[in-house]
A.B. asks: 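Input: one structure, supplied below.
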Amino acid sequence: MAPVREQTIFRNAKLADGSLADLSVTDGRFSAIAPAGKAPPARPAATDPIMVDLGGQLVVPAFVEGHIHLDTSFHGDAWRPHIPCTNGFDVRERVAFQAQNLAAAAPMAERAKNQLELCVGHGSLAMRSHVMVDASVGLSHVETVLAVRETYRDLIDIQLVAFPQSGILSSPGTAELLDEALKFGCDLIGGLDPASFDRDVKGHLDVVFGLAQKHGAGVDIHLHDGGTLGLFQVEEIAARTKALGMAGHVAVSHAYGLGDIPADALAKAGEMLAAAGVAIMTNAPGNHAFPPVAALRQAGVTVFSGSDNIRDSWWPYGDGDMLSRANMIGYRSGFYEDRELADAFDVVTHAGAKALRLADYGIMVGAKADFVAMRALHVPEAVVAVPKDRTVYRRGKAVARDGTILAR
């Protein structure tokens, strides 16, 4: 006897092109997309299909949270007043403040779960989280977050980056810990400001790309350095990526330096990054220059986004809502036309899926039925209005509504 197949038909879904469609989901994947009222009959050996009328709600792919820190958020914990740096932004000083705060924080697993549910509630069903690895914490953060990932595996797909928060060369033993973290189950190897933090760009990148090659892992490097120093490191990362044939497997997070260089230098950098296949992550931070999204996209660079820090030692902001993040990116980038607002939306959906190498993503036959339904006329209005009344579907089943996780 053929196995019984589960099918749901979502009627009257508004697609990004404005058309109304009926979406058939079989065993968690889109099996058919037809004009409204013309959904094909149930598949053979399927149970009686469940009918859901979306009533003309806009249906979009689930959001991609491309950069977050599950281990260091205080969301759901006691409020912790922000401690300013003593003399301008300083990564080492912020790391020291973070250590002080984490020592008094609620259990990490509890905080990580709070942050995960915040993000899922708003519609993110794929995530990349950086997890601290250094001599002071060893692999304790990795072990905790790996366990949380396992608990939530049916609700969200999570990639973990072994992140050397205290540097690599300047923190003895960290290279070996990063190696172990990848063996434990981390998916990518991270890095942190090779020039200003470790003061040895070649040595730092030797470790990062060496471990990536050893484990067949991707790379995602934090890069805060500005101006020509930041640009130089971007060039070095792109050169390594190209030489090792790692196109599509490398990202640079923040890359502030791309936001404060002349237009001609940016154009050359865009061509270089596109040719090397290096993606750029920006969260459009409020007090830093950030990579020009439109110029880089025009050059063919994959630009994606993430919340980064949510209510932690780096800043008190963050709501875990990637639609809100698209709004912020559009606002700070001066995006006003519909096509530009659609670009901001792409940064938190399809571009994020490309950067994270997600398979079977989107509203199309064969893709995983991970989507969000909301009241909006179209994508540009959604980016501007950021409607909160949305329903989040994982494999065709409702998992969150209006920001709240449904019973699991």
Side-chain angles (χ1 to χ4, degrees), residues 63-77 80 82-83 89 91-103 105-120 122 124 126-134 136-149 152 156-167 174 177-178 181 185-193 197 218-224 251-254 281-285 288 304-322 325 352 355-356:
F63 305 123
V64 179
E65 169 56 81
H67 184 114
I68 204 166
H69 295 261
L70 286 174
D71 54 337
T72 57
S73 168
F74 301 126
H75 176 70
D77 193 4
R80 305 199 178 274
H82 181 75
I83 306 171
F89 178 73
V91 174
R92 289 184 185 276
E93 194 169 24
R94 293 248 59 87
V95 172
F97 295 154
Q98 178 174 273
Q100 296 172 22
N101 284 331
L102 287 176
M108 186 185 304
E110 176 184 323
R111 293 182 286 105
K113 290 175 182 178
N114 288 341
Q115 186 163 274
L116 264 182
E117 294 195 2
L118 177 72
C119 296
V120 172
H122 290 308
S124 290
M127 171 183 288
R128 176 177 289 177
S129 175
H130 298 252
V131 184
M132 182 163 61
V133 175
D134 67 14
S136 67
V137 303
L139 297 176
S140 61
H141 287 214
V142 170
E143 292 169 342
T144 298
V145 177
L146 278 170
V148 172
R149 176 170 74 173
Y152 283 82
I156 182 172
D157 299 317
I158 304 174
Q159 297 177 1
L160 298 182
V161 184
F163 173 45
Q165 178 70 86
S166 299
T174 296
L177 287 169
L178 292 170
C186 285
D187 307 281
L188 298 96
I189 178 70
L192 173 66
D193 297 330
F197 208 98
V219 170
D220 194 328
I221 298 178
H222 280 63
L223 183 57
H224 304 95
V252 178
S253 288
H254 304 310
M281 192 294 304
T282 184
N283 63 323
H288 291 285
F304 66 113
S305 188
S307 298
D308 193 15
N309 309 97
I310 294 181
R311 301 188 189 182
D312 67 357
S313 302
W314 296 73
W315 53 58
Y317 294 99
D319 62 2
D321 185 353
M322 291 308 294
R325 186 63 52 179
L356 269 61

A.B. asks: Go through the structure and list residues passing side-chain contact (heavy atoms from CB on, under 4.5 Å) with A109, not counting sequence neighbours.
C.D. replies: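 Applying side-chain contact (heavy atoms from CB on, under 4.5 Å) to A109 gives T144, V148.
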A.B. asks: Tell me the closest heavy-atom pair linking Q165 and L192, and the distance in Å.
C.D. replies: O-CD2, 3.1 Å
A.B. asks: So V161 and V131, side chain to side chain contact (heavy atoms under 4.5 Å, CB included) or not? Walk me through it.
C.D. replies: CA-CA 6 Å; V161 184; V131 184; over 6 Å; no
A.B. asks: Measure the CZ-CG distance between F304 and N283 for me, rounded to the nearest 0.5 Å.
C.D. replies: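 Reported value, rounded in 0.5 Å steps: 11.0 Å.
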A.B. asks: Can you name the closest pair of heavy atoms from R325 and S305 and give their distance?
C.D. replies: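 Where R325 meets S305 most closely, the heavy atoms are CG-OG, 3.3 Å.
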A.B. asks: Drop me the distance from H130's NE2 to D220's CG, to the nearest 0.5 angstrom.
C.D. replies: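 The NE2 atom of H130 sits 4.0 Å away from the CG atom of D220.
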A.B. asks: Going by side-chain hydrogen bond (donor to acceptor under 3.5 Å, both in side chains), name the residues that satisfy it together with S136, two or more places apart in sequence or in a different chain.
C.D. replies: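 With neighbours one apart ignored, the set is D134.
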A.B. asks: How far does NE2 of H141 sit from OG1 of T72, to the nearest 0.5 angstrom?
C.D. replies: 8.5 Å
A.B. asks: Do I68 and C119 come close enough that some side-chain heavy atom pair is under 4.5 Å?
C.D. replies: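 I68 vs C119: side chains touch.
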A.B. asks: If you take all heavy atoms of A181 and V142, which pair is closest and at what distance?
C.D. replies: CB-CG2, 4.2 Å
A.B. asks: So which atom in L178 and which in A162 form the shortest heavy-atom distance, rounded to 0.1 Å?
C.D. replies: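 What the structure gives for the nearest pair is CD2-O, 3.7 Å.
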A.B. asks: Can you list the residues that meet the side-chain hydrogen bond (donor to acceptor under 3.5 Å, both in side chains) rule with S307, with sequence neighbours excluded?
C.D. replies: E65
A.B. asks: Find out whether D319 and I310 are in side-chain contact, i.e. whether some heavy atom of one side chain is under 4.5 Å from a heavy atom of the other.
C.D. replies: no
A.B. asks: Output the distance between atom CD1 (I158) and atom CG (L356), rounded to the nearest 0.5 Å.
C.D. replies: 11.5 Å
A.B. asks: Could you pull out the closest heavy-atom pair between R111 and D71, with the gap in Å?
C.D. replies: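 So the minimum-distance heavy-atom pair works out to NH1-O, 3.1 Å.
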A.B. asks: Please report the shortest heavy-atom distance between F163 and G191, naming the atom on each side.
C.D. replies: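 Looking at all heavy atoms of both residues, the shortest contact is CE1-O, 3.7 Å.
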A.B. asks: Would you call the rings of H222 and H254 parallel, tilted or perpendicular, taking 30° and 60° as the class edges?
C.D. replies: perpendicular
A.B. asks: With rounding to the nearest 0.5 Å, note down the distance linking CG in N309 to NE2 in H69.
C.D. replies: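 Separation between the atoms: 5.0 Å.
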A.B. asks: Look up atom NE2 in H122 and atom CG in D321, then write down how far apart they are to the nearest 0.5 Å.
C.D. replies: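 Going from NE2 on H122 over to CG on D321, the span is 5.0 Å.
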A.B. asks: Is any side-chain heavy atom of M127 less than 4.5 Å from a side-chain heavy atom of L116?
C.D. replies: yes
